[in-house]
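In what follows, a structure is listed as structure tokens, so that the remarks can point back to it.
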Amino acid sequence: MRVHITNIYGQSYKSTALIAQDMTAKIAKQLGFEEISIYNYPVDTDSESELSKRLDGIFAGFGNDDVLILQLPTWNGEKFDRKFINKVKGYTNSKLVIFIHDIIALMFESNRYLLPTIIDSLNQADVLILPSENMRKFLVRSGVKVNKILIQEMWDHLYNYPGWIEPPFKQQISFIGNPEKFDFVKKWPYSSVRLNLYAPKPTDFNPRIDYMDSQSDVSLMPLLQKNGGFGLVWGEESYWHEYMAHNTSYKLGTYLAAGIPVIVDQSNANAQVVQANNLGLVVSSLSEAVEKIQAMTKQEYSELQKSVRNFGELLRQGYFTKHVLIDTVFYLLQSPRMVRDYELKNTDNVAFRIKTIEETLDFIIENHACVSRFGDGETDIMRGKNIPYQTYNPELAQKLRNIISIQSNEDFVVCLSDVFEGQERYTDAANRFWREHLKQNQEFYNAVCNASWYGNTFISRPYMDLVDKSQSSRYFDKIKKLWQNQKILIVEGKNTCSGVGNDLFAGAQSIDRIICPAANAFDKIDQIKEAIIENAEDKLVLLMLGPTAKVIAADLASKGMWIVDIGHIDSEYEWFKMGANQKVKLAGKHTAEFNYDEEIVLEKNEQLAKEIIIDLS
């Protein structure tokens with residue numbers, strides 16, 4: 001038995017794809033693996049006969065009982081990849097390992113239609129090597145059936161330093177990347193923390209950026225080390241954000257191998273590795289990163305840098321690649337009884353579970369957990385769309401994508417709509433809406449929902465859309481336990497008037513209110529958070545503020561507050577009290593699903609006026 005690994009040729013020498021595959025093949029050859037070369041060429045020019053002959057030549061050194069590690073993509077297209085895989089499977093007792101560098105269907109929106117074909121190809125593998133746990137979850141949810149899966153975790157970056165120089169502490173950030181692909185670069189607004197951009201200087205240059213030009217690896221590594229500061233892996237556009245949540249970044253390994261701490265966002269595929277190994281900053285926004293850098297001491301930077309230096313040695317010597325390649329062969333050849341436990345670990349059910357309304361409320365009440373709830377509106381924002389009360393904002397969309405991937409715990413619960421199964425619980429009208437919503441967004445949920453469980457968004461919608469409304473009274477009684485004998489601070493839009501004209505909050509000890517804009521509240525999020533912090537002591541904070549509420553709850557959860565995004569609870573309670581069977585417009589205040597607040601006349605209410613402590617509307 002011999003072990004072979006593919007390597008691609010014919011692309012630009014600067015291609016990251018070529019560099020990464022060549023490095024992997026080089027490390028594999030150190031382990032005694034044999035290289036199979038694949039040249040990048042226009043496959044469509046080959047007839048079926050010519051392609052078959054070409055593959056015969058490529059496989060000249062491959063035989064029965066051999067193992068082949070196929071690095072994907074080959075960049076020769078799905079037709080070539082399928083023929084190549086079929087060729088491997090045609091040898092007696094051959095084993096196929098697919099080492100995923102990228103998934104073409106995830107790299108470009110226009111290629112999403114290829115995903116089912118790619119899944120079929122991946123299912124031919126005996127073992128899959130995937131870049132991250134997030135990628136594994138996405139592929140399994142999308143139809144991958146392979147039991148034996150190994151996780152790469154991090155890209156190595158082979159490099160031998162002529163002499164180590166400790167990177168200096170500087171309030172600056174380095175970024176390797178084309179500004180035409182990453183819009184945030186061109187708009188870099190921070191003068192206090194400069195950006196070193198390793199790309200050619202454009203004609204419309206940004207004075208807050210130092211342009212370092214593109215560099216070969218030989219010159220890049222010592223330059224990064226000499227300049228110090230931090231290395232940035234970032235993408236605010238929906239496409240790049242989702243991509244980085246699943247793929248390990250080659251530039252991340254480059255920064256770490258150079259010895260400089262890194263900055264990644266919370267949903268990055270390597271965020272946990274960065275945090276667990278003290279390799280840099282895991283943040284929700286660039287502004288947060290800048291604030292942390294400005295507040296950092298030289299001693300704190302030195303501690304990060306020491307961790308990076310030690311970790312970087314693994315990358316410079318290729319240990320992550322060696323580890324996963326050795327494990328692959330070990331995994332293939334062991335007795336099935338010996339790998340059973342490992343297989344179980346890698347084939348656990350990755351479909352996220354959503355708690356019932358009652359389970360969610362019990363968990364929140366027992367733990368005083370903070371809550372962010374996601375519905376169709378938040379999904380639209382994350383996917384680059386406007387909704388009636390919030391125009392699309394890339395920073396808001398990024399923060400929402402970060403939050404939805406957080407693993408819920410006793411301090412903070414992320415909630416989703418429980419419409420992925422058991423839809424018979426809901427009315428025909430609700431089912432029609434959610435079926436269409438899932439048709440358009442199921443793949444998106446598969447990609448971004450990386451937690452194992454979620455709370456139930458419908459804790460605030462426990463009546464109108466349910467077929468069996470007999471349980472609603474019990475749900476509302478439990479909801480009211482949240483604020484029973486509590487001082488509460490309601491943060492809501494100008495027209496919301498939650499609890500006005502009904503007894504929803506009758507059990508509360510006291511009520512204060514912060515009134516916010518009825519639309520585009522995210523524009524004032526800093527003022528709103530500041531007002532909450534100043535007035536939330538010993539109070540339960542209830543948010544009715546659309547997508548902005550999700551961000552506020554997540555941002556303030558770490559400050560020891562009990563803050564719950566409760567959304568359209570008032571409209572649901574009004575309909576419940578009147579026994580309505582369809583959504584009726586409410587007089588004198590906002591009504592859920594009547595999205596434009598037309599003809600609302602806010603009536604004078606002395607009690608409401610007394611409760612308002614701050615008006616930011």
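Computed from heavy atoms alone, side chains included, the values below leave out hydrogens, waters and symmetry copies.
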Dump the intermediate steps for side chain to side chain contact (heavy atoms under 4.5 Å, CB included) on I263 and V233, then the final yes or no. CA-CA 6 Å; I263 299 167; V233 179; over 6 Å; no

So, N441 side chain and H437 main chain: donor-acceptor pair closer than 3.5 Å or not? yes

Taking N134 for the side chain and A269 for the main chain, is one N or O donor matched with an acceptor at less than 3.5 Å? no

Answer whether the closest heavy-atom distance between the side chains of K355 and W453 falls below 4.5 Å. yes

Could you pull out the closest heavy-atom pair between Q266 and N402, with the gap in Å? OE1-CB, 3.5 Å

Run the numbers on N64 and N93 for side-chain hydrogen bond (donor to acceptor under 3.5 Å, both in side chains), then give the verdict. CA-CA 6 Å; N64 296 332; N93 295 325; over 6 Å; no

Without swapping roles, check the side chain of S132 against the backbone of H246 for a donor-acceptor pair under 3.5 Å. yes

If you round to the nearest 0.5 Å, how far is CZ of F84 from CD1 of I58? 6.0 Å

Side chain to side chain contact (heavy atoms under 4.5 Å, CB included) evaluation trace for L122 with I103: CA-CA 10 Å; L122 298 184; I103 300 286; 4.2 Å; yes

Parallel, tilted or perpendicular: rings of F99 and W155 (30°, 60°): parallel

Output field: ring centroids F311/Y319 closer than 6.0 Å: no

Flag side-chain contact, heavy atom, 4.5 Å: L68 against Y91: no

D81/S121 under side-chain hydrogen bond (donor to acceptor under 3.5 Å, both in side chains): CA gap, chis, key distance, verdict: CA-CA 8 Å; D81 292 349; S121 294; over 6 Å; no

A quick test of your reading: do over 12 heavy atoms of other residues, nucleotides or ligands sit less than 6.0 Å from NZ of K83? no

Is there a donor-acceptor pair closer than 3.5 Å between any side-chain N or O of S372 and the backbone N or O of K550? yes

For the residue pair E153 and H323, establish whether any side-chain heavy-atom pair is separated by less than 4.5 Å. no

Output field: ring centroids Y445/F352 closer than 6.0 Å: no

Indicate the atoms forming the closest heavy-atom contact of L220 with Q215, along with that distance. CB-CB, 3.8 Å

K95 to V88 - nearest heavy-atom pair and separation: O-CG1, 4.3 Å

Surrounding CD of Q442 (heavy atoms of other residues, nucleotides or ligands, distance under 6.0 Å), is the total greater than 12? yes

Ionic contact status for K292 with E288, cut-off 4.0 Å: yes

Could you check whether atom CG of N160 has more than 12 heavy atoms from other residues, nucleotides or ligands sitting under 6.0 Å from it? no

Do you know which two heavy atoms are closest between K251 and G177, and how far apart they sit? NZ-CA, 4.1 Å

To the nearest 0.5 Å, what is the distance between CE on M221 and CD1 on I260? 9.0 Å

Here the gap from L256 atom CG to M154 atom CE, rounded to the nearest 0.5 Å, amounts to 5.5 Å

Using the rule ring pair (Phe, Tyr, Trp, His ring centres under 6.0 Å), only one of W234, Y255, Y198, F184 pairs with F175; which is it? F184

Worked check of side chain to side chain contact (heavy atoms under 4.5 Å, CB included) between V67 and M1: CA-CA 7 Å; V67 175; M1 180 210 80; 3.9 Å; yes

Using every non-hydrogen atom in the two residues, find where I129 and V324 come nearest and quote the distance to one decimal. CG2-CG2, 3.7 Å

Can you confirm whether more than 12 heavy atoms, excluding those of Y39, are under 6.0 Å from its OH atom? no

Does I403 reach the side chain of F412, with side-chain heavy atoms less than 4.5 Å apart? yes

Between the CG atom in L315 and the NE2 atom in H157, the distance rounded to the nearest 0.5 Å is 9.5 Å

Within the structure provided, determine whether D66 and H4 are in side-chain contact (heavy-atom separation under 4.5 Å). yes

Set out, in order, the CA-CA distance, both residues' side-chain angles and the distance that settles side chain to side chain contact (heavy atoms under 4.5 Å, CB included) for E395 and L286, then state yes or no. CA-CA 9 Å; E395 183 181 358; L286 286 174; over 6 Å; no

For a side-chain hydrogen bond (donor to acceptor under 3.5 Å, both in side chains) check, start with the C-alpha distance between D102 and Y243, then their side-chain angles and the critical distance, and finish with the verdict. CA-CA 9 Å; D102 275 310; Y243 179 83; 2.2 Å; yes

Measure the CZ-CG distance between F230 and L281 for me, rounded to the nearest 0.5 Å. 5.0 Å

Any side-chain to backbone donor/acceptor pair from Q71 onto T6? Under 3.5 Å, distance only. yes

Using salt bridge (charged side-chain N to carboxylate O under 4.0 Å, His left out) as the criterion, point out the one residue from K79, K53, R54 that pairs with E48. K79

Run the side-chain hydrogen bond (donor to acceptor under 3.5 Å, both in side chains) check on S285 and Q398 step by step: do they pass? CA-CA 8 Å; S285 66; Q398 179 191 354; over 6 Å; no

Exceeds 12 heavy-atom contacts within 6.0 angstrom, atom CD of Q317: yes

So that I know where these two stand, are Y454 and F420 an aromatic pair - ring centroids less than 6.0 Å apart? no

Okay, side chain of N456, backbone of F458: is any donor-acceptor separation there less than 3.5 Å? yes

Charged N to carboxylate O under 4.0 angstrom, R401 versus D265? no

Can you give me the closest heavy-atom contact between L158 and D217, atom names plus distance? O-OD2, 4.5 Å

Assess the side chains of S452 and Q407: does a donor N or O sit below 3.5 Å from an acceptor N or O? yes

Are the side chains of T24 and H101 in touch, meaning some heavy atoms are under 4.5 Å apart? yes

Beyond-backbone contact of L304 with N278, side-chain heavy atoms, under 4.5 angstrom: yes

Please examine the side chains of D418 and T457, heavy atoms only from C-beta on, and report whether any two atoms are closer than 4.5 Å. no

Testing K29, R2, K26 for salt bridge (charged side-chain N to carboxylate O under 4.0 Å, His left out) with E35, which one passes? K29

Output yes when K89 and D126 qualify as a salt bridge under the 4.0 Å nitrogen-oxygen rule, no when they do not. yes

Answer yes or no: is there a donor N or O on one side and an acceptor on the other, between the side chain of K137 and the main chain of N450, under 3.5 Å? yes

Okay, side chain of S408, backbone of V414: is any donor-acceptor separation there less than 3.5 Å? yes

Rounded to the nearest 0.5 Å, the CD1 atom of I85 sits from the OG1 atom of T74 at a distance of 9.0 Å

Donor-acceptor contact present, side-chain D156 to main-chain F320, <3.5 Å: yes

